[in-house]
There are 4 protein chains.
Amino acid sequence: MSNSSDRRTTLPRRRDEAKALFRNAILDAAEHVFAKQGFHGARIQDIADHARIAVGTVYNHFEQKEDVLHALLEVRLDQMIDNLRPQPTDPEPFEQKLTCCVIRTLQFVEAHRDFHQVALDCGLFAKGTASASSILKDKAVEHFEKLRATMLALVNEGLQSGALRPMDPVPLARALGGLIRSSSIGMLMEQSHPDLEAEASLLVDLYLNGAGRADRTGRPRDENDLGER
Amino acid sequence: MSNSSDRRTTLPRRRDEAKALFRNAILDAAEHVFAKQGFHGARIQDIADHARIAVGTVYNHFEQKEDVLHALLEVRLDQMIDNLRPQPTDPEPFEQKLTCCVIRTLQFVEAHRDFHQVALDCGLFAKGTASASSILKDKAVEHFEKLRATMLALVNEGLQSGALRPMDPVPLARALGGLIRSSSIGMLMEQSHPDLEAEASLLVDLYLNGAGRADRTGRPRDENDLGER
Amino acid sequence: MSNSSDRRTTLPRRRDEAKALFRNAILDAAEHVFAKQGFHGARIQDIADHARIAVGTVYNHFEQKEDVLHALLEVRLDQMIDNLRPQPTDPEPFEQKLTCCVIRTLQFVEAHRDFHQVALDCGLFAKGTASASSILKDKAVEHFEKLRATMLALVNEGLQSGALRPMDPVPLARALGGLIRSSSIGMLMEQSHPDLEAEASLLVDLYLNGAGRADRTGRPRDENDLGER
Amino acid sequence: MSNSSDRRTTLPRRRDEAKALFRNAILDAAEHVFAKQGFHGARIQDIADHARIAVGTVYNHFEQKEDVLHALLEVRLDQMIDNLRPQPTDPEPFEQKLTCCVIRTLQFVEAHRDFHQVALDCGLFAKGTASASSILKDKAVEHFEKLRATMLALVNEGLQSGALRPMDPVPLARALGGLIRSSSIGMLMEQSHPDLEAEASLLVDLYLNGAGRADRTGRPRDENDLGER
DNA sequence: AATGAATGAGCTTTCATTCAT
DNA sequence: TATGAATGAAAGCTCATTCAT
């Protein structure tokens with residue numbers, strides 16, 4: 001076996017590895033710097049410094065500053081969505097399955113505080129936000145929709161299993177998203193690392209059962225809350 | 001009476017009026033421009049153009065660009081909080097009172113879309129957000145806390161009235177904030193002007209009663225939802 | 001007369017004067033710097049330094065670096081064309097009139113060595129030149145055509161007066177342009193300030209009578225100069 | 001004979017061939033790219049792409065970007081000068097010999113439009129031009145002088161043969177150069193491929209006999225054209 | 001020797017802020 | 001006090017050159 005054939009495959013392989021190495025280093029650095037300084041406050045120099053590479057190298061991997069942000073959000077958001085999505089190993093009753101999804105999601109948030117900082121900053125969880133939309137343009141909508149779709153799928157599963165009130169899934173999904181976002185923000189704001197499982201359980205409990213007293217007499221919930229207005 | 005004494009009181013009064021006129025014009029222009037372009041994308045020139053004044057004039061009323069943002073957020077946030085806070089004329093049962101507060105808040109959002117765009121962009125409803133904190137610094141926390149306190153006050157009222165589950169008010173407030181934020185974002189994202197009262201009723205319903213089916217048998221909600229898992 | 005009306009006219013007038021002052025200072029500085037370093041070698045900083053103003057000021061008067069070049073070439077080329085064009089005071093016989101035009105043109109070259117350096121560098125006298133066309137684009141053609149038209153007008157006058165051989169004016173104009181360019185380049189290359197009038201006379205003499213011996217016997221020029229040899 | 005001695009002579013020979021192959025490929029690519037984009041607008045990457053080699057390879061053959069230009073100009077200019085120089089096979093009468101030289105030169109221009117674009121751009125035919133001198137430095141003068149010397153030699157031959165007016169050869173050479181340059185530029189500007197022989201004949205005719213009418217009575221050319229003014 | 005990614009100095013351009021009128 | 005041009009620090013991006021493979 002000639003090593004010329006090796007060269008043809010080995011060299012490119014090494015190159016590809018190196019390429020991925022640099023790309024990831026840049027994204028990691030960007031995640032950190034964007035989180036601390038915001039997109040506009042972050043200089044390419046800062047990112048390069050953090051990744052211990054030269055400015056030009058960043059531009060060998062990304063056309064413009066914005067593209068670094070795009071790539072970062074895309075990669076991490078896909079990971080996040082994977083966590084939010086029900087897994088085969090999740091227990092069946094919807095409430096428990098939902099709790100598992102929320103736990104994983106909060107764990108992901110906790111593990112990727114920087115990303116969440118950035119994502120919030122970019123209105124990734126709130127679309128049309130000004131500076132976000134001016135940076136992300138259509139991409140923001142794309143990202144946002146992916147997340148929304150995942151949330152809707154989850155809610156639809158709950159509806160089909162009969163665990164959720166039979167109603168328009170859009171507000172149901174929106175409410176779930178709102179609660180998760182609240183908890184995430186709460187976690188980001190605090191230094192402490194709370195008991196995520198308890199946090200998730202509480203969240204699911206509030207989502208499913210509401211904040212009101214259970215024993216309010218004669219509450220005619222499921223029939224006509226919507227209809228009567 | 002000599003007109004010199006008049007001058008001393010009348011002149012300043014007129015001046016103050018003029019001053020306020022300019023100040024408000026600047027803030028209105030800033031609200032619009034920040035909403036469309038984001039804080040960083042907005043140039044003082046743009047704001048001045050929109051207010052049909054000169055750049056220098058902006059600096060006669062505000063020390064720096066950031067101060068325009070601060071002032072804008074402060075003014076509007078106070079208005080928003082006034083709307084969120086229960087009014088003497090609101091009906092007593094907590095659910096209805098809460099609904100009134102939410103309606104007013106959503107109306108305010110609808111009436112001040114631009115402000116909300118800006119506020120979201122600044123993480124005003126999510127504190128520690130990166131670019132926000134780098135612009136707003138301590139002010140952001142201040143603003144955020146004011147809002148949080150109002151929310152907490154509202155929740156505490158619900159607890160005292162017995163309408164809310166007896167539990168830590170912090171997650172209760174957080175959940176309410178999350179739901180309101182979700183609806184607000186939903187409204188900003190859509191062009192349509194939905195039926196705000198219905199939206200608010202649904203929100204309060206979900207908040208108080210949850211998204212789960214009411215008729216789950218034998219649900220011992222308040223005691224041990226958490227404990228049993 | 002109130003001075004408020006004065007203000008309205010005086011202030012703008014002063015401003016316009018100042019504006020023109022700055023603009024000219026920038027063009028003068030650019031002329032010098034472009035001549036010494038070429039367009040690409042010249043940094044905006046250099047031009048600003050030379051004009052003893054700030055970099056930003058250059059951009060208050062010109063959108064981009066290229067526009068400085070455009071403006072410079074336009075202004076000077078128009079002046080140059082004015083010099084090349086016959087004047088009412090020029091003597092009538094074509095040869096003398098032409099000599100006057102050439103003298104004025106060479107004087108202009110001598111007085112604006114820097115501009116000529118730049119113009120040559122931009123292929124202003126040679127159109128389609130590479131870096132020129134990439135900087136000047138259509139403008140180069142425009143400028144070039146203006147000069148060519150002037151040259152053609154001059155030649156046509158000569159044809160009508162019967163002083164020039166009856167033939168296609170295009171090569172006649174091209175030849176005249178070539179001779180003037182040669183002399184100009186010669187002047188730019190030398191430090192000495194030659195006798196411009198003698199230079200011009202020689203140029204016109206060569207143009208009209210050619211470099212060949214006059215006393216070639218029985219020269220039947222127009223018919224068959226080529227055929228007989 | 002040992003093949004070690006072979007290796008010493010054969011191997012280098014092949015290497016030299018390969019080396020020359022690459023070198024020429026680079027120069028050809030550079031000629032094209034410089035012509036289209038100008039020296040400053042051309043990136044080494046562009047040249048490498050055009051030559052279908054890697055950037056690094058260019059640097060294995062030339063120390064710096066400028067050296068590519070130098071080499072290109074040197075090679076082509078020598079070729080051009082060979083064409084301008086009288087050949088043993090050229091007919092003797094000066095006018096015809098000159099015409100042959102001009103025909104060859106114009107043919108060369110036509111065949112190497114790209115080079116001419118570059119050469120003009122570099123002021124190769126006009127020395128001291130700004131960006132040219134800043135790139136080419138002394139080399140430009142060298143190149144220019146070589147061309148000038150050839151032109152002077154040609155003119156001197158004309159003087160000795162009695163075909164040219166007895167006068168300072170410098171302006172004679174300058175005028176000839178000016179006319180050739182004019183025609184070259186004219187050719188570059190047009191898409192059409194004119195009849196080069198006719199073009200050359202006309203050029204020589206104008207050079208030798210001038211643009212003036214032949215039949216002007218009593219023209220006292222050689223004596224005192226200069227003196228009388 | 002050929003390759004092509006890494007490097008980083010350098011440049012154009014922007015825009016918050018100042019200041020003379 | 002309103003004005004708007006002047007200011008210059010700062011940042012994104014380019015590209016000649018280097019160097020490990």
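Here the structure is a predicted model, which means the values were calculated and not measured. Lettering follows sequence order; numbering is per chain, from 1.
Taking D/Arg23 as the reference, nothing meets the side-chain hydrogen bond (donor to acceptor under 3.5 Å, both in side chains) condition, with sequence neighbours excluded. Residues satisfying the side-chain hydrogen bond (donor to acceptor under 3.5 Å, both in side chains) test with D/Asp114, not counting sequence neighbours, are D/Lys36. Every residue two or more places apart in sequence or in another chain that forms a side-chain hydrogen bond (donor to acceptor under 3.5 Å, both in side chains) with D/Asp28 is listed here: D/Arg76.
Listed in residue order, the members of residues 42-57 of chain D having a heavy atom less than 4.0 Å from DNA chain F are D/Ala42, D/Arg43, D/Ile44, D/Val55.
Between A/Leu21 atom CG and E/dA5 atom C1' there is a gap of 13 Å when expressed in whole angstrom units. The nearest whole Å value for the distance from the NE2 atom in D/His40 to the C1' atom in F/dT14 is 14 Å. Here F/dT21 presents its P atom at 16 Å from CG of A/Asp16, a figure rounded to the nearest Å. One can place NZ of A/Lys19 at 17 Å from P of E/dT3, the figure rounded to the nearest angstrom. Atom CZ of B/Phe39 is separated from atom P of E/dA16 by 8 Å (rounded to the nearest Å). Atom C1' of nucleotide F/dA5 and atom CZ of C/Arg23 are separated by 16 Å, given to the nearest angstrom. Rounded to an integer number of Å, the gap from NE2 of A/His61 to C1' of E/dG4 is 11 Å. One atom, CZ of A/Phe62, and another, P of E/dA6, lie 12 Å apart when rounded to the nearest Å.
Side-chain atoms of D/Phe22 lie closest to E/dA2 of the nucleotides F/dT18, E/dA2, E/dA16.
Atom CG in D/Asn24 sits 11.0 Å away from atom CD in D/Glu31 (nearest 0.5 Å). Once rounded to the nearest 0.5 Å, the distance linking CD1 of D/Ile47 with CD1 of D/Ile26 reads 9.0 Å.
By the 4.5 Å heavy-atom criterion applied to side chains, C/Phe22 and C/Val58 are not counted as neighbours.
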For a quick test of your reading: what N or O donor-acceptor pairs under 3.5 Å do the side chains of residues 60-73 of chain B make, sequence neighbours left out?
{"residue": "B/Lys65", "atom": "NZ", "partner": "B/Phe39", "partner atom": "O", "Å": "2.8"}
{"residue": "B/Lys65", "atom": "NZ", "partner": "B/Ala42", "partner atom": "O", "Å": "2.7"}
{"residue": "B/Asp67", "atom": "OD2", "partner": "B/Gln64", "partner atom": "N", "Å": "3.3"}

Kindly express the pairing pattern of DNA chain F in dot-bracket notation, using | wherever a base pairs with another strand and counting only Watson-Crick or G-U pairs under 3.5 Å.
.||||||||||||||||||||
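In this model, the phosphate group of E/dT12 is not approached by any side-chain N or O of C/Gln64 to a distance below 4.0 Å at OP1 or OP2.
One donor-acceptor pair, N or O on each side, does fall under 3.5 Å between the base of F/dA6 and the side chain of C/Asn60.
Nearest-nucleotide mapping onto DNA chain F: of D/Glu63 and A/Gly41, the residue sitting toward the 5' end is A/Gly41. Nearer to the 5' terminus of DNA chain F, by closest-nucleotide assignment, is the contact made by B/Val58 (compared with the other of B/Val58 and A/Lys65).
Using a cutoff of 4.0 Å between basic side-chain nitrogens and carboxylate oxygens, B/Asp16 and B/Lys19 are not scored as salt-bridged.
The residue from C/Gln117, C/His50, C/Gln37 that alone fulfils the side chain to side chain donor-acceptor pair (under 3.5 Å) condition with C/His32 is C/His50.
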